[in-house]
2 protein chains.
Amino acid sequence: MSENHYQPLDEETLFLVSQTFKALSDPTRIRILHLLFECELSVSMIAEALHLNQSNVSHQLRFLKNLRLVKYRREGKTVFYSQDDEHVMRILQQSIDHATHH
Amino acid sequence: MSENHYQPLDEETLFLVSQTFKALSDPTRIRILHLLFECELSVSMIAEALHLNQSNVSHQLRFLKNLRLVKYRREGKTVFYSQDDEHVMRILQQSIDHATHH
DNA sequence: TATACATATGAACATATATTCATATTATAA
DNA sequence: TTATAATATGAATATATGTTCATATGTATA
């Protein structure tokens with residue numbers, strides 16, 4: 001008896017959701033965000049901690065910044081990055097926990 | 001005073017988490033999963049509903065099946081697919097809601 | 001058996017993506 | 001100003017990914 005009122009996803013939502021998950025689909029970006037669970041860090045500190053070259057980290061941070069998943073703060077020559085989206089960070093944390101306990 | 005005990009992500013967790021998010025990073029797969037919120041559907045029903053060709057849907061369903069995000073049930077010539085990971089579906093639903101109300 | 005229908009599969013292709021290299025920009029200190 | 005350090009950027013490249021096409025596989029029916 002119940003009719004099917006399927007509401008298709010609009011283009012904008014679809015794009016935003018897919019972009020957000022794309023950010024979380026790359027191991028390097030996951031590792032960077034995982035570091036930023038704890039505290040803010042400079043580009044070079046992230047690069048050193050994860051054994052990645054500076055350019056690579058910088059590119060990935062730009063990606064994350066464009067999606068507003070991280071924010072930055074300049075202090076002299078150094079730029080500190082930190083998380084900027086609680087919702088996404090919570091999802092990432094949940095997923096890591098879920099994957100770990102399996 | 002508090003020391004920093006950073007626990008790096010192990011390879012296996014990293015791979016599993018990134019793969020799961022990769023599944024959710026493509027608009028076509030999101031649309032398929034979004035359809036499967038409601039009910040189980042055959043390959044051809046999905047293809048028709050989303051205006052996708054049958055082969056494409058089949059490929060994407062295989063991807064989702066390999067990650068155990070969907071399961072299938074055969075009935076004669078028809079194969080019905082349905083969701084198979086509550087955690088991931090909840091995350092997807094939340095993210096769609098989050099993106100919509102913004 | 002032969003035919004039709006639903007789905008799966010592999011190859012091919014165009015596009016997207018991650019990483020590196022070289023270099024530019026920005027800020028500080030000598 | 002010059003030199004040095006931290007970060008950002010653009011080009012190049014190798015690899016990954018999504019889609020389509022043609023065809024194979026599986027299932028039911030005549």
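In what follows, chains are A, B, ... by sequence order, proteins preceding strands, each numbered from 1.
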Under the side-chain hydrogen bond (donor to acceptor under 3.5 Å, both in side chains) test, which residues partner A:Arg29, sequence neighbours left out?
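With neighbours one apart ignored, the set is A:Gln60.
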For A:Ser58, give me all partners under side-chain hydrogen bond (donor to acceptor under 3.5 Å, both in side chains), at least two apart in sequence or on another chain.
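Partners of A:Ser58 by the side-chain hydrogen bond (donor to acceptor under 3.5 Å, both in side chains) criterion come out as none, since no residue qualifies.
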Which part of the nucleic acid, if any, lies within contact of B:Tyr72, taking any heavy atom under 4.0 Å across all strands shown: a base, the sugar-phosphate backbone alone, or nothing?
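Contact class for B:Tyr72: none.
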Sort and list the pairs that fulfil ring-ring contact (aromatic ring centres under 6.0 Å, His included) and have at least one residue in residues 67-87 of chain B, not counting sequence neighbours.
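Every ring-ring contact (aromatic ring centres under 6.0 Å, His included) pair that includes a residue of residues 67-87 of chain B, provided the two are not neighbours, is A:His98-B:His87, B:Tyr72-B:Tyr81.
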Would you kindly give the [atom1]-to-[atom2] distance between [X] and [N], to the nearest whole Å?
{"X": "A:Leu67", "N": "C:dT17", "atom1": "CG", "atom2": "C1'", "result": "14 Å"}
{"X": "A:Gln60", "N": "D:dA8", "atom1": "CD", "atom2": "C1'", "result": "14 Å"}
{"X": "A:Leu61", "N": "C:dA18", "atom1": "CG", "atom2": "P", "result": "13 Å"}
{"X": "B:Leu64", "N": "C:dA8", "atom1": "CG", "atom2": "P", "result": "12 Å"}

Expected output is a numbered-order residue list: members of residues 24-35 of chain A with a heavy atom under 4.0 Å from any atom of DNA chain D. What is it?
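Nucleic-acid contacts, sorted: none.
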Which residues in residues 42-53 of chain B have a heavy atom closer than 4.0 Å to any atom of DNA chain D?
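Close to the strand are B:Asn53.
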Can you name the closest pair of heavy atoms from A:Lys65 and A:Val70 and give their distance?
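Where A:Lys65 meets A:Val70 most closely, the heavy atoms are N-CG2, 3.7 Å.
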Identify the two heavy atoms, one from B:Ile91 and one from A:Gln94, that lie closest to each other, and give their separation to 0.1 Å.
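Minimum heavy-atom separation between B:Ile91 and A:Gln94: CG1-OE1, 4.4 Å.
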Does CZ in A:Arg73 sit with more than 12 non-hydrogen atoms of other residues, nucleotides or ligands closer than 6.0 Å?
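Atom CZ in A:Arg73 is crowded, with more than 12 foreign heavy atoms closer than 6.0 Å.
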N/O-N/O pairs, protein side and nucleotides 9-16 of chain D side, under 3.5 Å:
| from | atom 1 | to | atom 2 | distance (Å) |
| --- | --- | --- | --- | --- |
| D:dT9 | O4 | A:Ser55 | OG | 2.6 |
| D:dG10 | O6 | A:His59 | NE2 | 2.9 |

Atom pairs and distances, side-chain donor-acceptor, residues 15-22 of chain B, under 3.5 Å, sequence neighbours left out:
| from | atom 1 | to | atom 2 | distance (Å) |
| --- | --- | --- | --- | --- |
| B:Ser18 | OG | B:Leu14 | O | 3.0 |
| B:Ser18 | OG | B:Phe15 | O | 3.0 |
| B:Thr20 | OG1 | B:Leu16 | O | 2.8 |

Which residues within residues 73-80 of chain B lie with some heavy atom under 4.0 Å of an atom in DNA chain C?
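Hits under 4.0 Å, by residue number: B:Lys77, B:Thr78, B:Val79.
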Could I get the full list of side chain to side chain contact (heavy atoms under 4.5 Å, CB included) partners for [X], not counting sequence neighbours?
{"X": "A:Lys71", "value": "A:Ser82, A:Asp84"}
{"X": "A:Glu48", "value": "none"}
{"X": "A:Arg62", "value": "A:His59, A:Asn66"}
{"X": "A:Asp10", "value": "A:Glu12, A:Thr13"}

Could you check whether any side-chain heavy atom of A:Leu41 comes within less than 4.5 Å of a side-chain heavy atom of A:Leu36, counting everything from C-beta outward?
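With C-beta onward as the side chain, the pair touches.
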C:dA8 OP1/OP2 closer than 4.0 Å to side-chain N/O of B:Tyr81:
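Affirmative; the distance criterion is met.
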Residue among A:Ile30, A:Leu69, A:Asp85 satisfying side-chain contact (heavy atoms from CB on, under 4.5 Å) with A:Leu92
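For A:Leu92, the side-chain contact (heavy atoms from CB on, under 4.5 Å) test succeeds with only one of A:Ile30, A:Leu69, A:Asp85, which is A:Ile30.
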